[in-house]
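Everything on this sheet refers to the single structure shown next.
Chain identifiers are assigned alphabetically (A, B, ...) following the order of the sequence lines, protein sequences preceding nucleic acid strands; residue numbering begins at 1 within each chain. The analysis underlying the following values was restricted to heavy atoms, covering all of them including side chains, and did not include hydrogens, waters or symmetry mates.
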Protein chains: 2
Amino acid sequence: MTQALYSTTPSNAVSVDEWAGAARLTFRQGEEIYAQDEDADLIYRVVGGAVRTSHLLADGRRQIGDFYYEGDVLGVEMGPAHRFSAEALGPCEVLAIRRSGSTAYDTGRVDRMIWAATASELQRTQSHMLLLGRATACEKVARFLLDIADRFRGEIVALPMSRQDMADYLGLTIETISRMLGRLQAEGFVEFIGARKYRIRRRGGLTEMAAA
Amino acid sequence: MTQALYSTTPSNAVSVDEWAGAARLTFRQGEEIYAQDEDADLIYRVVGGAVRTSHLLADGRRQIGDFYYEGDVLGVEMGPAHRFSAEALGPCEVLAIRRSGSTAYDTGRVDRMIWAATASELQRTQSHMLLLGRATACEKVARFLLDIADRFRGEIVALPMSRQDMADYLGLTIETISRMLGRLQAEGFVEFIGARKYRIRRRGGLTEMAAA
DNA sequence: CGGGGCCTTGATGCTGTTCAAATAGAGTGG
DNA sequence: CCACTCTATTTGAACAGCATCAAGGCCCCG
């Protein structure tokens, strides 16, 4: 529902002026946009491709914070440093502006944008928390497929992230992800075209599985 | 660290004027302060006791969003309705003000407070997400004990919530909670005085277990 | 057409759950 | 203050779901 705010080809007419003087940056697959613990003086807006934010623990365990697509704003932090790092999921283009270095004229607008981004971030993080806390592997995967499909309007949905990314987002292993995808397909809820494209077959049933 | 902003006996001098005209409400153990899906036109500040927010799923599974203590603000929502309900953990007193019904004079201050509350909420939710996603039962419980202890300065820490509340906060069962508490005590990290009071014995070791 | 990463599939094991029962603790009335 | 009761917590044993370990297959791209 909330996700419907974003589409693959968003109308850039809304809230784009704040980004007028922004630097345009391009990244390749896997390249780091900002690092964990790095100073958070820039905020970013995805204009092409997709981005993941991730938090790495000392022993190598990784938690994906969220995935960001065209039109999404990321990198807004409360504290002075980024708690997550951000990497390009594929070839990717972003705009970057300074958080508090805007002109007097722009300050109000940028602040409003930061507020909106923070609010959206909180909502998404709360949903993610609910998913991680009390959902079975199958429910997690079902909800994930629905969420992605809701963002990318269209019959066929492309997954921009790897199985490992999905696993680290849902708190599972790649093997479990693979098995659950297989099961959902076997039961006729979704149909995969290769490993990275799928089509939803029975949305009702899938929603029921997701049960959140 | 962030938790240190709040203490059991906070200086009410800071940011208390926004609450000057607030209604003072009292609740008993288990009483509902606001309901899931209820209109979110009020925001609350705990002045005594403790509060939990929880989200209930259709099949009865429950996820605790967070625990709020003296000085904490809760009930701030982005959308029109509360996504979680709030209940008193014990005898409890809160202040309530209208989100956007303040006088022109107060509007700025209330807005700033809402912003601060949202920011703090996001940070805590992100931490909670990390805990739920990739931590073992033992790590979850260890971190929980440390977090609570950091809020309630003092040798002996009292747990205002039940084992079920802890379980629903950490995404575990009460049996697992009980076993992990037992293990941590057996290994000398903490010492329990009854079921609801404890003392940290080896903070270093506990922090190491928490590993986040 | 071949190489190499990504993904799937299978067998086995461990962590945390479930079910069941005992024990401790808090509140109540005598 | 004590006995009683009701609930919360602990403990034990069996089970299940997901992880781990180990191959094998697919697909993308040179």
Go through residues 54-67 of chain A and report each residue with a non-hydrogen atom lying under 4.0 Å from DNA chain D, sorted by number.
->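 Nucleic-acid contacts, sorted: none.
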Close side-chain approach of B/Phe192 and B/Leu184, heavy atoms under 4.5 Å = no
Is there side-chain contact between B/Val157 and B/Leu145, with heavy atoms separated by less than 4.5 Å?
-> no
For [X], give me all partners under ring pair (Phe, Tyr, Trp, His ring centres under 6.0 Å), at least two apart in sequence or on another chain.
X        : value
A/Tyr69  : A/Phe152
A/Phe144 : A/Tyr169
B/Phe27  : none

Indicate whether OP1 or OP2 belonging to C/dG25 is found under 4.0 Å from a side-chain N or O atom of B/Arg196.
->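 Negative; the distance criterion is not met.
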Can you tell me the distance, in whole Å, between the [atom1] atom of [X] and the [atom2] atom of [N]?
X        : N      : atom1 : atom2 : answer
A/Ile174 : C/dG5  : CD1   : P     : 14 Å
B/Gln164 : D/dT9  : CD    : C1'   : 11 Å
A/Phe192 : C/dT9  : CZ    : P     : 12 Å
B/Leu159 : D/dA8  : CG    : P     : 15 Å
A/Leu181 : C/dC7  : CG    : P     : 10 Å
B/Met161 : D/dA8  : CE    : C1'   : 15 Å
A/Tyr198 : C/dT8  : OH    : P     : 14 Å
B/Leu170 : C/dG16 : CG    : C1'   : 13 Å

Test side-chain hydrogen bond (donor to acceptor under 3.5 Å, both in side chains) applied to A/Asp66 - qualifying residues, sequence neighbours left out = A/Arg124
Residues pairing under salt bridge (charged side-chain N to carboxylate O under 4.0 Å, His left out) where one sits in residues 171-184 of chain A, two or more places apart or in two chains, turn out to be none
Name all pairs fulfilling the salt bridge (charged side-chain N to carboxylate O under 4.0 Å, His left out) condition that reach into residues 21-35 of chain B, sequence neighbours left out, sorted by first residue then second.
->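 Listed by first then second residue: B/Arg24-B/Glu93.
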What pair of heavy atoms forms the shortest contact from B/Phe84 to B/Gly65, and how long is it?
->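 Heavy atoms of B/Phe84 and B/Gly65 come nearest at CE2-CA, 3.7 Å.
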For B/Gln36, all residues meeting side-chain contact (heavy atoms from CB on, under 4.5 Å), sequence neighbours excluded | B/His55, B/Leu56, B/Ser85
Tell me which residues in residues 84-92 of chain B put a heavy atom below 4.0 Å from DNA chain C, sorted by number, or none.
->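 Contacts with DNA chain C under 4.0 Å: none.
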Verdict with reasoning, A/Thr176 to A/Lys140, per side-chain contact (heavy atoms from CB on, under 4.5 Å) = CA-CA 11 Å; A/Thr176 300; A/Lys140 287 177 177 178; over 6 Å; no
Using distance only, find each side-chain donor-acceptor pair of residues 201-212 of chain A under 3.5 Å and give its atom names and separation, not counting sequence neighbours.
| from | atom 1 | to | atom 2 | distance (Å) |
| --- | --- | --- | --- | --- |
| A/Arg201 | NE | A/Glu191 | OE1 | 3.2 |
| A/Arg201 | NH2 | A/Glu191 | OE1 | 2.5 |
| A/Arg202 | NH1 | A/Glu187 | O | 2.9 |
| A/Arg203 | NH1 | A/Asp150 | OD1 | 3.1 |
| A/Thr207 | OG1 | A/Arg203 | O | 2.8 |

Quick one: does B/Thr118's side chain have a donor or acceptor within less than 3.5 Å of a partner on B/Ile114's backbone?
-> yes
The contact string for nucleotides 13-30 of chain D, one letter per nucleotide 5' to 3', using protein heavy atoms under 4.0 Å with B, S and - for base, sugar-phosphate only and none, comes out as B----SSBB---------
Would you work out how much the helix from C/dC1-D/dG30 to C/dG30-D/dC1 bends between its ends, with each end axis defined by five base pairs, to 10 degrees?
-> 50°
Can we call the ring centroids of A/Tyr44 and A/Tyr68 under 6.0 Å apart?
-> no
